[in-house]
Amino acid sequence: MRLIHNMSSIAEYSPVESSVPNRVIKMAVIGGSGVGKTALVVRFLTRRFIGDYERNAGNLYSREVQVDAEQVTIQVQDTPGVEMTDNGINLPDHVTCSIKWADAVVLVYSVTDRRSFDLIEQLHQQVVLTGGANMPPVILLANKADLLHLRQVDAQQGPMLAETLGCSFYEVSASEDYSQVHKAFHRLCCQLAKQPAPASNSTSAATEKRRSPLIPRPKSPNMQDLKRRFKQALSAKVRTVTSV
């Protein structure tokens with residue numbers, strides 16, 4: 001099955017056998033509990049919206065797509081919700097590992113949850129501290145924009161925060177508007193695709209090919225058994241000749 005997204009230059013396609021490995025783009029989606037992280041990821045990768053999900057366990061989603069005519073593999077790491085405590089934020093180890101792993105980070109809050117918005121600045125600080133000199137690009141998503149009657153975060157506050165943090169901002173609705181969700185992730189993919197590929201992406205396959213002739217092939221259990229029996233028979237024959 002092949003799905004072409006006519007509205008943009010990103011397309012999902014069936015895997016094609018090739019000797020050249022695809023460029024891998026890795027993104028981590030981080031935010032508070034219940035802000036719609038999983039819904040956003042699934043919406044972007046499949047165009048579908050599913051309203052109810054089990055508690056987020058930190059799934060990794062992967063799709064092979066085309067970004068501006070380049071075939072790439074997009075890996076999106078969904079992460080457990082971050083909670084705010086009296087001592088600051090409770091950041092699961094999985095989230096920290098995801099930041100280190102990712103080429104880019106998507107910070108998410110819900111416009112219906114003020115606490116999730118208040119988390120963002122601290123989460124961004126964690127990305128800065130974890131990334132260090134190699135800090136990944138960051139975008140800020142405000143989800144659930146369709147729930148106007150439940151809004152707790154003013155529309156102006158998101159862009160102001162994004163400007164302070166130095167990142168792009170998008171207000172979206174995972175349930176109502178696929179195009180805005182796609183636009184946010186797609187622009188991030190294009191930005192990453194224009195950057196030089198990490199050496200590990202471009203050379204890992206070639207390295208494996210170079211190493212493969214040096215790796216001994218596993219011996220067949222039957223062949224090993226035959227060699228063992230041959231040695232036993234030879235030893236017995238030697239003992240018989242010696243005794244004579």
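All values derive from a computational prediction rather than experimental measurement.
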> To the nearest 0.5 Å, what is the distance between CZ (R23) and OG1 (T73)?
Replying inline: 11.0 Å
> Q71 side chain to V65 main-chain N or O, any donor-acceptor pair under 3.5 Å?
Replying inline: no
> Would you say D78's side chain and Y61's backbone share a donor-acceptor pair under 3.5 angstrom?
Replying inline: no
> Got a second to check how far L45's CG is from I74's CD1, nearest 0.5 Å?
Replying inline: 6.5 Å
> Among side-chain atoms of Q126 and T96, is any donor-acceptor pair under 3.5 angstrom?
Replying inline: no
> Can you get from V128 to L119 by hopping between Ile, Leu, Val, Met, Phe, Trp and Tyr side chains that sit under 4.5 Å apart?
Replying inline: yes
> Taking everything shown except D93 itself, do over 12 heavy atoms lie less than 6.0 Å from its CG?
Replying inline: no
>> Is any side-chain heavy atom of I120 closer than 4.5 Å to one of L165?
In response: yes
> Side chains of Q180 and S173: does their closest heavy-atom pair fall under 4.5 Å?
Replying inline: no
> Are V95 and L60 co-members of a hydrophobic cluster defined by side-chain heavy atoms under 4.5 Å apart?
Replying inline: no
> Is there a path of hydrophobic side-chain contacts, each under 4.5 Å between heavy atoms of I, L, V, M, F, W or Y residues, that connects L91 with V105?
Replying inline: yes
> Closest approach of D177 and R43, non-hydrogen atoms and distance?
Replying inline: N-NH2, 4.0 Å
> Between I99 and I30, is any pair of side-chain heavy atoms under 4.5 Å apart?
Replying inline: yes
> Would a distance-only check, ignoring hydrogens and angles, find a side-chain to backbone donor-acceptor pair under 3.5 Å from N143 to S110?
Replying inline: no
>> Is the shortest side-chain heavy-atom distance between E70 and K194 below 4.5 Å?
In response: no
> Is the side chain of E171 donor-acceptor paired with the backbone N or O of A145 at a distance under 3.5 Å, no angle test?
Replying inline: no
> So H186 and H182, would you call those rings parallel, tilted or perpendicular, with 30° and 60° as cut-offs?
Replying inline: parallel
>> How close do P137 and Q195 get, counting heavy atoms only, and between which atoms?
In response: CG-NE2, 4.0 Å
> Can you list the steps and then say if D146 with S175 is a side-chain contact (heavy atoms from CB on, under 4.5 Å)?
Replying inline: CA-CA 8 Å; D146 57 301; S175 64; 3.4 Å; yes
>> Give me the atom names and distance for the closest heavy-atom approach of D103 to P136.
In response: O-CB, 3.4 Å
> How many angstroms lie between atom CG of D118 and atom CG of L123, to the nearest 0.5 angstrom?
Replying inline: 11.0 Å
> Where is the tightest heavy-atom contact between W101 and Q77, given as atom of each residue plus distance?
Replying inline: CZ3-CB, 3.4 Å
> Looking only at atom types and distance, does a side-chain atom of S116 sit under 3.5 Å from a main-chain N or O of G32, one as donor and one as acceptor?
Replying inline: no
>> Tell me if the CE atom of M135 is crowded by more than 12 foreign heavy atoms within 6.0 Å.
In response: yes
> Which distance, rounded to the nearest 0.5 Å, do you find between the CG of L107 and the CD of E121?
Replying inline: 11.5 Å
>> So which atom in F185 and which in M27 form the shortest heavy-atom distance, rounded to 0.1 Å?
In response: CD2-CE, 4.1 Å
>> Once rounded to the nearest 0.5 Å, what's the spacing between atom CD1 of I89 and atom CD of Q122?
In response: 5.0 Å
> In Å, rounded to the nearest 0.5 Å, how long is the span from CG of L161 to CZ of F169?
Replying inline: 8.5 Å
>> Counting C-beta onward and ignoring hydrogens, is there a side-chain heavy-atom pair between S168 and R187 closer than 4.5 Å?
In response: no
> Which atoms form the tightest heavy-atom contact between S33 and D113, and what is the distance?
Replying inline: O-OD2, 4.4 Å
> Would you say R115 has more than 12 foreign heavy atoms packed within less than 6.0 Å of its CZ?
Replying inline: no
